[in-house]
Amino acid sequence: MELRTRALETILTEKGYVDAAALDSIVQAYESKIGPRNGAQVVAKAWSDPAFKQALLADASKAVGTLGHVSRVGDHLVAVENTPQRHNMVVCTLCSCYPWEVLGLPPVWYKAAPYRSRAVKDPRGVLADFGVSLPTDTEIRVWDSTAETRFLVLPMRPEGTEGWSEAQLAEIVTRDSMIGTGFPTTPGAPS
Ligand code: FE
């Protein structure tokens, strides 16, 4: 796939249809500026600011837009909140729809067929592969993304983070915790 993509890019560049420098800057922007740190800021703010959390759960596209993260890839961003009773997990069973503006580029496993099919058939098994185990009475809800609607998981704020600043909180929010295949880093534990 990588070779095919490179071959296609070479041909398109030679024919003058695409500008290689522009492609580089788009990829670089998504790798360095538009990565999961944006989502981590959103989560940290929701943990710290009850009004923002309420706005995020009511209309995530709008709330995230107020922080300057504007979507280029879809119309609706929906934030789903983890609670002790319910764990949320995101997949795109059809392809690889993903909230780029808050999480950056999707990881390879997110685009892979085994994740896409197993996430809906055996979510608990998939979570176990990620080292995530939940109490048996915690419901797991799987959200199937589309080109129009994408999901951001709002993980539970870990204990031991009382009084932390938003910047400190953002440091412990992992990408996978916002997809639902991981947890935030435990305070004090090596990352
Ligand atoms: Fe998709």
Side-chain angles (χ1 to χ4, degrees), residues 1-2 4-5 26-27 29-31 34-44 46-47 53 56-65 67 69-158 170 172-186:
M1 186 63 80
E2 207 174 304
R4 281 189 201 174
T5 307
I26 292 168
V27 170
Y30 275 100
E31 281 178 346
I34 315 178
R37 297 335 302 157
N38 288 354
Q41 284 167 13
V42 171
V43 169
W47 283 345
K53 179 180 164 182
L56 183 72
L57 294 173
D59 184 341
S61 301
K62 208 163 132 189
V64 164
L67 303 183
H69 307 308
V70 178
S71 177
R72 301 269 179 245
V73 293
D75 299 324
H76 305 292
L77 179 66
V78 176
V80 287
E81 183 185 15
N82 284 351
T83 66
Q85 289 76 39
R86 179 188 293 169
H87 180 88
N88 296 285
M89 180 176 164
V90 183
V91 66
C92 176
T93 54
L94 185 66
C95 43
S96 58
C97 299
Y98 192 72
W100 288 39
E101 75 277 33
V102 281
L103 295 187
L105 299 172
V108 170
W109 54 259
Y110 186 86
K111 298 184 271 188
Y115 177 76
R116 286 161 36 212
S117 55
R118 272 188 72 216
V120 282
K121 279 190 293 195
D122 179 22
R124 216 170 269 276
V126 171
L127 289 179
D129 289 347
F130 279 95
V132 169
S133 71
L134 296 163
T136 46
D137 58 349
T138 299
E139 175 199 2
I140 300 174
R141 180 156 299 188
V142 181
W143 299 88
D144 194 358
S145 307
T146 67
E148 288 80 30
T149 304
R150 293 142 309 113
F151 300 92
L152 176 75
V153 174
L154 176 57
M156 286 193 283
R157 179 172 175 164
I172 61 168
V173 181
T174 61
R175 177 196 66 196
D176 289 4
S177 73
M178 296 180 279
I179 308 175
T181 53
F183 294 124
T185 314
T186 310

*So Tyr115 and Trp109, would you call those rings parallel, tilted or perpendicular, with 30° and 60° as cut-offs?*
perpendicular
Partners meeting side-chain contact (heavy atoms from CB on, under 4.5 Å) with [X] (sequence neighbours left out):
X	result
Pro114	Ala112
Ala46	Phe52, Lys53, Leu56, Leu154
Pro123	Met89, Ile140, Val142

For [X], give me all partners under salt bridge (charged side-chain N to carboxylate O under 4.0 Å, His left out), at least two apart in sequence or on another chain.
X	value
Asp144	none
Asp59	none
Glu2	Arg6
Arg86	Glu139

*Of all heavy-atom pairs between Asn88 and Asn82, which one has the smallest distance, and what is that distance?*
N-OD1, 2.8 Å
*Which pair of non-hydrogen atoms, one from Pro184 and one from Trp47, has the smallest distance, and what is that distance?*
CG-CH2, 3.9 Å
Set of residues satisfying side-chain hydrogen bond (donor to acceptor under 3.5 Å, both in side chains) with respect to [X], sequence neighbours excluded:
X	answer
Arg157	Thr161
Thr181	none
Ser61	none

Please tabulate, for the side chains in residues 35-42, all donor-acceptor contacts under 3.5 angstrom to protein atoms that are two or more places apart in sequence or on a different chain.
from: Arg37; atom 1: NH2; to: Ala170; atom 2: O; distance (Å): 2.6
from: Asn38; atom 1: ND2; to: His69; atom 2: ND1; distance (Å): 3.4
from: Asn38; atom 1: ND2; to: Glu101; atom 2: O; distance (Å): 3.3

*For Trp143, ring-ring contact (aromatic ring centres under 6.0 Å, His included) partners two or more places apart*: Phe151
